Visitor: 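Shown below is the structure under consideration.
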Amino acid sequence: MWIYINKIQNYENQEVTIKGWLYNMRTSGKLLFPEIRDGYGIIQGIVSKNDVSERVWEDFLKLTQESSLIVKGVVKKHPKKPDVYELHINDITIVSIAEPYPITLKEHGVEFLSDRRHLWLRTPRQVAIMRIRHEIIQAIRDYMYQNDFILFDAPIFTPNACEGTSTLFSTDYFDLGKAYLSQSGQLYAEAGAMALGKVYTLGPTFRAEYSMTRRHMTEFWMMEPEMAYFDLDDNMNLIEDFLEYVVQRVIKTKEKELEILKRDTSKLEKVRKPFPRITYTEAVEILRKKDIPLYRKTPNGEEQIRPFPWGEDFGAPHEEALVEDFDKPVFIHRWPSAAKAFYMKRDPENPNLVLGVDVLAPEGFGEIIGGSQREDDINLLIERIKEHNLPMEEFQWYIDLRRYGSVPHSGFGLGIERMVSWICNLEHIREAIPFPRRPNRIRP
RNA sequence: UGGCAGAUAGCUCAAUGGUGGAGCAUUCGGCUGUUAACCGAAGGGUUGCGGGUUCGAGUCCCGCUCUGCCAGCCA
């Protein structure tokens with residue numbers, strides 16, 4: 001019977017068939033120890049020359065790393081290791097002999113592996129990351145479904161710059177001129193929320209920024225919920241509940257994969273409601289108390305400005321200083337309006353602030369969520385669009401949402417790969433997606 | 001786009017300005033409980049590209065290309 005390796009413990013002392021690839025093989029005289037992987041796990045087989053036919057023995061000697069094969073054998077407990085099963089092999093069918101495999105079990109450099117991403121994905125570490133990525137997305141979908149959100153897919157081709165700030169990838173669009181690859185589905189999600197109440201988008205987004213850091217890609221996946229009649233506090237309550245659910249679900253269901261990654265899950269177990277909530281203004285006070293200056297580029301290098309001036313956006317050193325005292329995600333809300341996007345609603349209690357919120361992940365993983373209550377006053381929204389020098393005609397449909405039954409509403413955007421990086425404790429975001437796209441890499 | 005570091009065997013790295021090495025991978029041989037197995041042997045090089053200094057350059061200098069890290073932008 002053909003089984004997958006993750007179900008092997010159910011078949012002790014039974015004969016099973018495994019279809020997979022040769023991960024590694026050790027030899028010891030007339031004993032062979034092939035390690036076979038099938039995508040669901042790795043199992044060590046044993047081939048004893050005295051117990052198999054000459055044909056089977058000869059076939060095993062032909063195998064190279066990553067050759068594909070089908071083996072038959074009896075599942076037995078490992079003589080020395082409890083809870084480990086191995087396969088006493090009695091037959092083999094070679095499916096394909098692999099050419100010399102470039103990725104060995106030894107160390108490799110980043111560039112070498114990135115050039116062979118299609119093969120790198122077969123290694124246990126990458127398999128574990130992809131399984132966790134899958135679980136994160138599944139947990140997101142389950143949470144949204146259970147909480148009556150409707151999946152509302154936003155278009156990828158768009159005529160306008162949603163935030164105006166980021167550079168967009170452009171392409172020719174028949175007789176209609178330029179089209180751009182979406183950098184956010186938010187504006188469309190707002191239309192969805194007015195139709196359906198609570199919606200979310202989940203899909204790829206694109207930013208043509210030459211960002212060469214461990215946290216950026218030109219193509220990444222984003223999950224963007226949008227809720228009618230939610231104010232900023234409702235929004236933060238949702239984020240809190242949602243993040244707790246996803247993190248706790250993944251550490252429960254993906255224990256084995258997190259162990260392969262050597263992830264310290266005790267740090268993830270602490271991700272429980274409530275999360276600390278500080279205002280931007282309070283955050284600035286913390287930075288001043290810790291004497292973290294603003295770093296600004298000048299023609300002759302860099303200058304440090306202290307105390308940290310109110311109104312400036314935070315950089316990596318500031319995020320780190322704000323997060324270091326907490327072991328949970330941190331909300332920073334009520335930002336200076338000048339630093340944020342046009343669609344964020346002004347704080348009715350202070351016109352210099354917007355009702356925006358960023359969520360910083362613990363352990364220095366930085367911003368994973370950006371959200372806000374949206375401007376629902378048609379006149380103020382038009383004013384903001386003018387202030388930001390955005391093409392008014394492209395936003396007519398968006399303004400319509402305020403023209404026909406405008407309501408308070410809120411939403412946020414979660415970077416899937418940043419979430420994966422955080423939960424898997426990855427050094428670099430390039431491992432968080434099957435085929436990463438960065439400014440200097442589009443292959444494979 | 002700016003700052004810093006780097007490019008040597010298929011891979012990961014070493015080599016005071018003086019005959020370019022090691023481990024792994026590959027090929028061959030040995031071993032009945034191996035765990036990135038081990039032991040023995042063999043093959044494997046236009047030192048990223050271009051110029052310069054020098055009796056002599058992987059090594060020093062200049063330019064270029066590429067890669068990595070950090071910063072900005074953000075998710």
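We use all heavy atoms of the structure for the numbers below, so side chains are in, but hydrogens, waters and symmetry mates are not. The shown structure was predicted, so the numbers you read here are calculated from the model rather than taken from an experiment. So that the names make sense, note that chain A is the first sequence line, chain B the second, and so on, each numbered from 1.
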Visitor: Pick the C1' atom in B/G56 and in B/G40, then give their distance to the nearest Å.
Guide: 39 Å
Visitor: Please state whether the base of B/C11 and the side chain of A/His108 form at least one donor-acceptor pair under 3.5 Å?
Guide: no
Visitor: Taking atom P of B/U67 as reference, at what distance in whole Å does atom CZ of A/Phe112 sit?
Guide: 17 Å
Visitor: Evaluate whether atom CD of A/Glu58 has more than 12 neighbouring non-hydrogen atoms of other residues, nucleotides or ligands under 6.0 angstrom away.
Guide: yes
Visitor: Under 3.5 Å for both donor-acceptor distances, Watson-Crick or wobble: does B/C4 have a partner, and if so which one?
Guide: B/G68
Visitor: Counting Watson-Crick and G-U wobble pairs only, both distances under 3.5 Å, name the nucleotide matched with B/C28, or none.
Guide: B/G40
Visitor: Decide yes or no, distance alone: a donor-acceptor N/O pair under 3.5 angstrom between the base of B/U34 and the side-chain of A/Gln44.
Guide: yes
Visitor: Would you say whether A/Phe33 stacks on B/G33? The test is a distance between ring centres of less than 5.5 Å and an angle between planes of less than 30°.
Guide: no
Visitor: For A/Tyr398 and A/Glu190, test the side chains for any donor-to-acceptor distance below 3.5 angstrom and give the result as yes or no.
Guide: yes
Visitor: Sticking with atom C1', work out how far B/U8 lies from B/G2, rounded to a whole angstrom.
Guide: 30 Å
Visitor: Can you say whether a donor on the side chain of A/Arg116 sits under 3.5 Å from an acceptor on the base of B/C11, or the other way round?
Guide: no
Visitor: Roughly how many Å apart are B/G18 and B/A57, using the C1' atom of each and rounding to a whole number?
Guide: 10 Å
Visitor: So, the side chain of A/Asn147 versus the backbone of A/Tyr143: is there a donor-acceptor pair under 3.5 Å, distance only?
Guide: yes
Visitor: For the P atoms, the ones on B/U46 and on B/C31, what distance do you get once it is rounded to whole angstrom?
Guide: 38 Å
Visitor: Roughly how far apart, to the nearest Å, are B/G58 and B/G50 at atom P?
Guide: 13 Å
Visitor: Ignoring hydrogens and angles, does a donor from either the side chain of A/Glu86 or the base of B/G33 sit under 3.5 Å from an acceptor on the other?
Guide: yes
Visitor: Go through the steps to decide whether A/Arg26 and A/Gln44 satisfy the test side chain to side chain donor-acceptor pair (under 3.5 Å), and finish with yes or no.
Guide: CA-CA 10 Å; A/Arg26 290 176 285 271; A/Gln44 172 171 278; 3.0 Å; yes
Visitor: Using the P atom as the reference point in each nucleotide, state the distance between B/C61 and B/U16 in Å, no decimals.
Guide: 15 Å
Visitor: Between B/C39 and B/C11, how far apart are the two C1' atoms, rounded to whole Å?
Guide: 23 Å
Visitor: Classify the side chain of A/Thr104 versus the base of B/C11 as yes if they form a donor-acceptor pair under 3.5 Å and no if they do not.
Guide: no
Visitor: Give me the distance, rounded to whole Å, that separates B/A41 from B/A22 when you measure between the P atoms they each carry.
Guide: 11 Å
Visitor: By salt bridge (charged side-chain N to carboxylate O under 4.0 Å, His left out), which residues pair with A/Arg443, not counting sequence neighbours?
Guide: none
Visitor: My understanding is that a pair needs two contacts under 3.5 Å, Watson-Crick or G-U wobble. By that rule, which nucleotide pairs with B/G17?
Guide: none
Visitor: Is A/Glu135 salt-bridged to A/Lys254, going by a charged N under 4.0 Å from an acidic O?
Guide: yes
Visitor: Would you indicate what A/Met217 reaches in the nucleic acid, counting non-hydrogen atoms under 4.0 angstrom: base, sugar-phosphate, or nothing?
Guide: base
Visitor: Verify the contact: side-chain N or O of A/Asn440 to OP1 or OP2 of B/C66, cut-off strictly under 4.0 Å; return yes or no.
Guide: no
Visitor: Nearest-Å distance, CD (A/Glu320) to C1' (B/A71)?
Guide: 13 Å
Visitor: Checking only heavy atoms, does the side chain of A/Thr167 share a donor-acceptor pair with the base of B/C73 at less than 3.5 Å?
Guide: no
Visitor: What nucleic acid atoms does A/Ile46 come within less than 4.0 Å of, heavy atoms only: base, sugar-phosphate, or nothing?
Guide: base
